[in-house]
There are 2 protein chains.
Amino acid sequence: MPYRRTENVVRRLAARHAAIIAAARAAASEGGMAAVQIVPVARRAGIAAGTVYRYFPGKTDLVAALLEGIAHDEMAALRRAASVAPGPLSALAAAIMTFAARALRERRLTYAAIAEPIDAELDAVRLSFRRALAAEFSVRIAAAAAGSHLLEQDTALSGTALLGLLIEALVGPLAPDAAGRERETVQSLTLIALRGLGVADARARGLVVQTTLPAA
Amino acid sequence: MPYRRTENVVRRLAARHAAIIAAARAAASEGGMAAVQIVPVARRAGIAAGTVYRYFPGKTDLVAALLEGIAHDEMAALRRAASVAPGPLSALAAAIMTFAARALRERRLTYAAIAEPIDAELDAVRLSFRRALAAEFSVRIAAAAAGSHLLEQDTALSGTALLGLLIEALVGPLAPDAAGRERETVQSLTLIALRGLGVADARARGLVVQTTLPAA
DNA sequence: ACATTTGCTGAACCATGGTTCAGTTATTGG
DNA sequence: CCAATAACTGAACCATGGTTCAGCAAATGT
C-alpha cells in the first residue's frame, strides 16, 4: 500500500497552512476583515478555493487562527518590552508605548484584529484578544498602584479605558494621520494615559522620554 | 381627478415613516446593527417588507436616517449640558459626564451607533457622528486650555482619545457591567479623563462632584 | 357608487460569498 | 510503470438577506 505521507509532503502542507494564514493577514491588512474572503485569500495563496477547506474546517477557523497569531505576537511584544523595564511604573509605560508604536505601524491590521466585528462565533476570539490586552494593562496598573506609583483605582475599568483611548486615537477610523509624527503621537498619548492613571505630569514626561521602543 | 393626498393621509405617512425608524432603533437596541434587517423591522413596524421601500430608497438610507436621529439627539444633549455650566472646564466635565451617563443608559444602541461597522456607504454616516462627538470634545478641550484651565495639547488627538476611552470602558464589548454603579463608573472615568487632559487630581474631583447630570 | 390614483402586500427574484464534491493530478512503495 | 492513496481544482450549490413588482386594498372628489 503506497503513499506514506513523507517528510517532504508534511513540510509542503505546513508551508501551505502558513501561506493561507499569511494571505488572510495580508488581505486584512489591506482591506480590513471584509476583505478576508475565501476565494481571494485562496488566489493570493496560489491555491483553489476548495483547497482551503483541507486546511481549515471553515472560514471561522481560518480567521480564528489569524487572530490568534496576531494576538500571540502582540502580547509577546508587550511582555518583552515590559520585562526589561526597571520598575512597575516604567513597565506600564513601556507596555503602553510598545502597543502604541506597533499599532501605528500596522494601523489597518490592528484595527481589523481588535475592533472590527465579524460574526458571532468569531467575536469570542476577537474578544479574548481584546480582553488579554486590557488585562495586561490592568495588571501593570495594579502593580504600579501597589508600589504607590499611582493612585488606587478600579484597575479593570482603567485598563479597559486605556485600551480604548489608544485604539481610538491610533487606529480607529478617525485617528489623526500620524505619518511622520509617530514618535510624538505615541508620546502624547502615553502622557495623557499616565496622567489619567494618576502620575504627576512631570514624572510622566520623564518616563515617556526614558522609555525606548523596540525596533520591531 | 380624485385622490388629492389629503392632510389625513400625510399624517399617516409621516407616522409610518417614524414608526419604521423607531422599529429599526428598537432592533438595533436589542440585537445590534446585525439585527436591523428589512423583514424583521417591517414586521415590527406592522407593515410588509415591500412597504419599507415606499419610505426609503434602500436599507442604507433607512439606517442613515436612524443614525442621524441618534446623533442629533446625542449632540443636543451634550450641548445642553455644557451650556448651563459656569465655565469652560466645567462645560467640558459636563459634556463628558453627560455622554457617559447616556451611553451607559443605552449601552447596546450606543455601541451600535458609534462603533459597529456596517457597510462602506454607511460608514460615512457613522463616521460623521463619531467625528461630531470627538470634535465636540476637542472644542471644549481647546476652550478650557485657552483659559489656562488645562495644559496646551493637540486637541484633535486628545478629543479622539477621550471618545475612545469612554466608548471602550462604557459600551464596548468588554466594558465592565456597571449595573447599580452607574454614577460611580461615570465619575471614575471622568476623573481619569480630566486628569489625562491635565487637570490636577484635587480640582478634577471637585468638578466631578459638582457636575449634576440631566435626568434624561 | 364610481373612476382614479396612491399605498400596501408578500412571494419571487437576485447578489454575495461560504461550502461541497466529482473529476483530475501528484506522490509514494513495489 | 503501476496501484493506491492523498491532495487539488473550480464550477455548482446553498444560505442569507436586500430588492422588485404584479395584484390588491384604501382613499378621494364627483
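Any value given below was found using the heavy atoms of this structure, including those in side chains, with hydrogens, waters and symmetry copies removed. Treat the numbers as computed from the prediction; the structure is a model and nothing was measured.
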Separation of [N] [atom2] from [X] [atom1] (nearest whole Å):
X: B:Arg11; N: C:dT6; atom1: CZ; atom2: C1'; answer: 18 Å
X: A:Arg12; N: D:dC8; atom1: CZ; atom2: P; answer: 7 Å
X: B:Arg5; N: C:dT4; atom1: CZ; atom2: C1'; answer: 15 Å
X: B:Glu7; N: D:dG29; atom1: CD; atom2: C1'; answer: 17 Å

Side chains of residues 9-18 of chain A: which donor-acceptor pairs under 3.5 Å do they make with residues two or more places apart or in other chains?
none

Worksheet item: Ignoring hydrogens and geometry, is there a side-chain-to-backbone donor-acceptor pair from B:Asp73 to B:Ile70 under 3.5 Å?
Response: no

Worksheet item: Is the backbone N or O of A:Ala35 less than 3.5 Å from a side-chain atom of A:Gln37, with the two atoms forming a donor-acceptor pair by type?
Response: no

Discussion item. Using a 4.0 Å heavy-atom cut-off to protein, can you give one letter per nucleotide of nucleotides 9-22 of chain C, 5' to 3': B if the base is in contact, S if only the sugar-phosphate is, - if neither?
Written reply: BB------SSBB--

Discussion item. Could you check whether B:Thr60 and B:Glu121, counting side-chain N and O atoms only, form a donor-acceptor pair closer than 3.5 Å?
Written reply: no

Worksheet item: Yes or no on side chain to side chain contact (heavy atoms under 4.5 Å, CB included) for A:Phe56 and A:Ile21, after CA distance, side-chain angles and deciding distance?
Response: CA-CA 10 Å; A:Phe56 300 93; A:Ile21 295 181; 3.7 Å; yes

Worksheet item: Does the side chain of A:Glu136 reach to within under 4.5 Å of the side chain of A:Phe99, using non-hydrogen atoms?
Response: no

Fill in: Touch class at under 4.0 angstrom, heavy-atom based, for B:Tyr55 against every strand present
sugar-phosphate

